[in-house]
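In what follows, chains are A, B, ... by sequence order, proteins preceding strands, each numbered from 1. Computed from a prediction, not measured in an experiment: that's the story for all the values here.
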Amino acid sequence: MADQITVTLPDGSPRSLPAGATAADLAAAVGPRLAGAAVAATVDGAEVDLAHPLHDGAKVAILTADSEAGRAVLRHSTAHVMAQAVLDLWPGAHFAIGPAIEDGFYYDFELPGGARFSPDDLPRIEARMREIVGEGQSFVREEHTIEEGLALFRDQPYKREIIEGVAHPAGEDDPGAAAAEPAPVGTGGISTYRNSSGFVDLCRGPHVPSTDRLGAFKLLRVAGAYWRGDERRPQLQRIYGTAWECDKALGEYLRRLEEAEERDHRRLGAELDLFHFPPELGPGLAVFHPKGGLVRRIMEDYSRQEHEAAGYEFVYTPHLSKAGLFETSGHLEWFADSMYPAMKVEGASYYPKPMNCPMHALIYRAQTRSYRELPLRLFELGTVYRFERSGVLHGLLRARGFTQDDAHIFCTPDQLGDELASLLAFVLRLLRTFGFEEFEADLSTRPERFIGEPAEWDRAEAALAGALDRSGLEYHLAEGEGAYYAPKIDVHVRDAIGRRWQIATLQVDFQEPARFELAYTGPDNALHRPHMIHRALFGSIERFLGVLLEHYAGALPTWLCPVQARVLPVRDDHRAYAEEVRSQLGRAGLRADLVEAGEPLGARIRRAKLEKVPYVLVVGDEDVAGGTVGVNARGSERPRRGVPVAELADKVAEEVALRRPAPAWG
RNA sequence: GCCGGUGUGGCGCAGUUGGUAGCGCAGGCGACUUGUAAUCGUCAGGUCGGGGGUUCGAGUCCCCCCACCGGCUCCA
């Protein structure tokens, strides 16, 4: 009826438009710059194409390419163009799903005749994509019935399967389906996008109006990926790519990838002579060299010190156990495939332990316990062995042998809340000491397969949630992600370049105490079942060191450095003074070494820098005369000359004592 | 485990259409004695991840295995 409609912009201001106006019209009405940057829109919170007609009273926001939501549209559209290119180049190829992901996109394909992509195919596909982009093909949305959709994709089994899923929502039978790509519209129909060349893809949208809006993209790698994430289903060929709003943003992203590569802890571990994985030992088994051993020992000593202060008692348990222990705990029933197989000795089966908890339960059970002893906190740097599948190993971050800073807290139901709250505080304090500032937690709840009673799980989950609420820590609910015996809180950190690492874990277990028949005598003189908290703060020492190396790009805080200072005499005749400086630093509790004047000073400085030594100390004529050193601190612009040795020693010793994350003079 | 890729002296790399392995760094030795990211010379070091095959002859072609890398699946 009315010729005009009124819509509301994100800032709350109303805007009148002719009836039938689209989101693109709105963008144009606001201004040419917005019209140029627009890639899609949201109407009442739902994402739509720019060609979407607006209704009266709609709340509309224009999505631009430089926002996260806008980039997601861009990436999704780029994925479609990639699919179009692949289907052009491999007639008869099947295509499956192609969503936007963080920093990019992928699309899964199945090539005719079981063919596979090779890395050489990526440039060919990219070239075809650039042609499509150059042609400025429009994305045209169409709505179809299920029947029409099935007919349209008669040669595309994966698309048909998705459509069937829309027709008959499987719900809980098919959890993987919706995860990767949102269902292509809900109720009884599907939507597609047709490019002007005739390429049609099943898709919920929205898309950019035309392929000419794309261009800052690059295909990165090919990989195998199971259809619907199910390893019993066919494995498809996945191509990963990245796409950005402009070449500059693309370039910055590619540089970030290079930077991440330079931070690779496996590479740093070799360069800094910290550890390696000898093939003779087998996959996933590391040895620590003297320097790596030193870093590790400092970490472990610090951990022990903090645990002692927090009321933990130290225990030691063996690496092996007879099978019965892991039958009692349930590990053999649940994780036998991920355990090293048994060795048979004297008619018994012995397994390397995959966890420490059953042994700690035995220590608890070694005597009758009174409520007065609780909470009982048993701590161990316990080395465990897990037979991880060969394809998942990843340096120290995923190894087959590793050491947990593991503890089990046995407590009464009344004590649970306070224990959990103080544990969360403990974790954050520890992680801050190691230079992490941003934390996120996941609360993982009862999985589909579990032991025990749902009511117990509910109580355990409530205890964890309560502790999180008290801590003020931001957290996400990870439903069904708990361990088979307990719900858990996983604490993640963000590293220096924004990557998220899972570090600590904290689990409330009502099951193992029952399986091991643990008990304590209460004030009522009756037997009660204790609760058991499993917790590891570093998680794995090895893994945590790997994360630290990536976080600091190998430039560890001074307190953790194997060599904290290196003294370099300018000439041989400064050697005696240099030795005096070195030993003075040693007396101040610092780890300092000395490199003689066998090669030019510049070369020695360069080597020290490559080894990321925090303080390079040069001593020459002036220093011998004045009792000073030249201080070249890691990360500083220029060296300082003439610093009194005592002053330097004090400053660095203080930095170490305070465990500062970077050289004080940096 | 699955898909793809890679595997040459401690490390980083070169090795044309198959004809019996090179370079840089690191290391040893010698010289140089040096004020803030690579001094010069010299020596030594590999049979080319392992095994099998094709060939007169294989680092270079084929097969099997192993390890590593990138993903997928998994992660108590």
Choosing from B:G5, B:A76, B:C2, which nucleotide comes nearest the side chain of A:Pro119?
-> B:G5
Counting just side-chain N and O atoms, does A:Lys488 come under 4.0 Å of either OP1 or OP2 of B:A76?
-> yes
When we call it a touch if two heavy atoms are under 4.0 Å apart, what does A:Tyr240 touch: a base, just sugar-phosphate, or nothing?
-> sugar-phosphate
Would you kindly check whether a donor in the side chain of A:Arg606 faces an acceptor in the base of B:U36, or vice versa, at under 3.5 angstrom?
-> no
Kindly state whether the ring of A:His331 and the ring of A:Tyr351 have centres lying under 6.0 angstrom apart.
-> no
Ranking B:A76, B:G71, B:G4 by distance to the side chain of A:Phe335, first place goes to B:A76
Under 3.5 Å, is there a donor-acceptor pair between the A:Asp495 and A:Trp501 side chains?
-> yes
Taking the side chain of A:Arg238 as its heavy atoms from C-beta onward, which of B:C72, B:G5, B:A76 lies nearest to it?
-> B:C72
Pick the P atom in B:G4 and in B:C65, then give their distance to the nearest Å.
-> 13 Å
Side-chain N or O of A:Arg116 less than 4.0 angstrom from OP1 or OP2 on B:G4?
-> yes
Closest listed nucleotide, where the reference is the side chain of A:Pro600 and the choices are B:U39, B:U33, B:C72 | B:U39
Are the ring centres of A:Phe117 and A:Phe109 closer than 6.0 Å?
-> yes
For A:Pro283, which contact category applies under a 4.0 Å heavy-atom criterion: base, sugar-phosphate, or nothing?
-> sugar-phosphate
Could you work out the separation of B:C48 and B:G9 based on their P atoms and round it to a whole Å?
-> 10 Å
Kindly indicate whether the side chain of A:Phe402, heavy atoms from C-beta on, has any atom under 4.5 Å from the side chain of A:Arg543.
-> no
Does anything in residues 263-274 of chain A reach RNA chain B, meaning a heavy atom under 4.0 Å, and if so which residues?
-> A:Arg266
Does the base of B:C74 carry an N or O that pairs as donor and acceptor with the side chain of A:Arg398 under 3.5 Å?
-> yes
Would you say the side chain of A:Tyr226 and the base of B:G1 hold a donor-acceptor pair, judged only by whether the two atoms sit under 3.5 Å apart?
-> yes
Write down the partner of B:G70 under the Watson-Crick or G-U wobble criteria, each distance required to be under 3.5 Å.
-> B:C3
Considering every strand shown, what is the Watson-Crick or G-U wobble mate of B:C75 when both distances are under 3.5 Å?
-> none
Determine the Euclidean distance between corresponding P atoms of B:U8 and B:G59; express it in Å to zero decimal places.
-> 15 Å
For B:U34, does either OP1 or OP2 sit under 4.0 Å from a side-chain N or O belonging to A:Arg571?
-> yes
Does OP1 or OP2 of B:C72 have a side-chain N or O of A:Tyr106 closer than 4.0 Å?
-> no
Which residue lies more 5' along RNA chain B, comparing A:Tyr485 with A:Leu617 via nearest heavy atoms | A:Leu617
If you pin A:Ser118 and A:Val629 to their nearest nucleotides in RNA chain B, which one's is more 5'?
-> A:Ser118
Euclidean distance for C1', B:G51 against B:A26 (whole angstrom) = 32 Å
C1' gap between B:G18 and B:C61, integer Å | 8 Å
In whole Å, what separates the P atom of B:A58 from that of B:G12?
-> 28 Å
Nearest atoms (heavy-atom pairs only) where A:Arg446 meets A:Pro454 | NH1-CB, 3.5 Å
Would you tell me if any nitrogen or oxygen in the side chain of A:His394 comes within less than 4.0 Å of OP1 or OP2 on B:G70?
-> yes
Nearest-neighbour nucleotide for the A:Glu231 side chain, B:U36, B:G1, B:A76 considered = B:G1
Distance, rounded to the nearest Å, where A:Arg604 contributes CZ and B:A38 contributes P = 13 Å
Across all strands shown, which nucleotide pairs with B:U42 by Watson-Crick or G-U wobble geometry, both distances under 3.5 Å?
-> B:G28
With heavy atoms under 4.0 Å as the rule, sort A:Gly330 into base, sugar-phosphate or nothing.
-> nothing
Can you figure out which of B:G1, B:G5, B:A37 approaches the side chain of A:Ile605 most closely?
-> B:A37
A:Ser390 vs B:G1: side-chain N/O to OP1/OP2 distance below 4.0 Å = yes
Give one of base, sugar-phosphate or nothing for A:Asp623, where a contact means two heavy atoms less than 4.0 Å apart.
-> base
Is there a donor in the side chain of A:Trp227 and an acceptor in the side chain of A:Glu161, or the other way round, less than 3.5 Å apart?
-> yes
What nucleic acid atoms does A:Tyr484 come within less than 4.0 Å of, heavy atoms only: base, sugar-phosphate, or nothing?
-> nothing
Quick one: are the ring centres of A:Phe105 and A:His76 less than 6.0 Å apart?
-> no
Please determine if A:Glu611 and A:Lys291 form a salt bridge, counting it only when a charged side-chain N lies under 4.0 Å from a carboxylate O.
-> yes
Thinking salt bridges, do A:Glu259 and A:Arg255 make one under a 4.0 Å N-O criterion?
-> no
C1' gap between B:C11 and B:G45, integer Å = 14 Å
